[in-house]
Amino acid sequence: PLLYATNDGGFSWKPQTLPLAADASGTITTFPPQFSNENDGILPLTFSSGGSNKVDVYTTQDGGKTWSSGNPTSDISSTIALGSDNQALAIGANGNAGNVYATSDNGRSWKQLPKPDATVAKLVGLNFVSSKQRWVLATTSADVVRLFQTTDNGKSWVPLNTTAST
């Protein structure tokens, strides 16, 4: 897959080739890169492998001049939020849609966190609100939309009151 980069505010673009994982096949999709500062960033990429979808989170430490493949996994989806401290949260995939995963090494490895609540069936969004505050939006098995907040990078979650509905 190609990634295009600009150094002049978008007036001209140059292609960058990303090295693919050995087991990558099928449709390959890249998502917009996210940067935690001017040098460190991640670039999620999805592909098929052995009948399941996988996500590979590419990382850069030089502002996007070069990208390194991470460890492709089928545990997370391409819905990833990156904070300013090289920590990120991702929504689970392939049967893990109610789980949150975290990384503290800019996407090189991922750890499953506790579910925000036992009633959560699916996570539908996440966001870093501040350097300490992260939110996830979830639906329950009763199809109720709930918003959860963590201030300890997902070790514990608190439900927030909201009037959102599906």
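Reckoned from all heavy atoms, side chains included, excluding hydrogens, waters and symmetry mates.
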(message) Please determine whether side chain to side chain donor-acceptor pair (under 3.5 Å) holds for the pair D62 and T66, giving the CA-CA distance in whole Å, both sets of side-chain angles, and the decisive distance to 0.1 Å.
(response) CA-CA 7 Å; D62 59 12; T66 59; 2.6 Å; yes
(message) Show the nearest heavy-atom pair for residues F47 and I28, with the distance to one decimal.
(response) CB-CG1, 3.9 Å
(message) With a 4.5 Å cut-off on side-chain heavy atoms, are I42 and I80 touching?
(response) yes
(request) Side-chain contact test, heavy atoms from C-beta onward, threshold under 4.5 Å: evaluate it for Y58 versus L18 and give yes or no. (result) yes
(message) Are T59 and W67 packed together at the side-chain level, in the sense that at least one heavy-atom pair is separated by less than 4.5 angstrom?
(response) no
(request) Go through the side-chain N and O atoms of S69 and D56 and say whether any donor and acceptor fall under 3.5 Å apart. (result) yes
(message) Less than 3.5 Å apart, any donor N or O on the side chain of D8 or S12 sitting next to an acceptor on the other?
(response) yes
(request) With L45 as reference, evaluate T30, V57, V55 under the side-chain contact (heavy atoms from CB on, under 4.5 Å) test and give the passing residue. (result) T30
(message) Within the structure provided, determine whether T60 and F35 are in side-chain contact (heavy-atom separation under 4.5 Å).
(response) yes
(request) Might you point out which heavy atoms bring T140 and R146 nearest each other, and give the distance in Å? (result) CG2-CD, 3.7 Å
(message) Counting C-beta onward and ignoring hydrogens, is there a side-chain heavy-atom pair between L126 and L89 closer than 4.5 Å?
(response) yes
(message) So which atom in N153 and which in R134 form the shortest heavy-atom distance, rounded to 0.1 Å?
(response) OD1-NE, 3.1 Å
(message) Can you give me the closest heavy-atom contact between P116 and L123, atom names plus distance?
(response) CG-CD2, 4.2 Å
(message) Any heavy-atom pair between the side chains of L43 and L3 that's under 4.5 Å?
(response) yes
(request) For residues Q16 and A5, report the shortest heavy-atom separation together with the two atoms involved. (result) OE1-CB, 3.5 Å
(request) Answer yes or no: is there a donor N or O on one side and an acceptor on the other, between the side chain of S78 and the main chain of P44, under 3.5 Å? (result) no
(request) Using a cut-off of 6.0 Å, state whether more than 12 heavy atoms not belonging to K115 lie near its atom NZ. (result) yes
(request) Count the heavy atoms of every other residue, nucleotide or ligand shown that sit under 6.0 Å from CG of N39, and state whether that count exceeds 12. (result) yes
(message) Testing the basics here: between P114 and W157, what is the closest heavy-atom pair and its distance to 0.1 Å?
(response) O-NE1, 3.3 Å
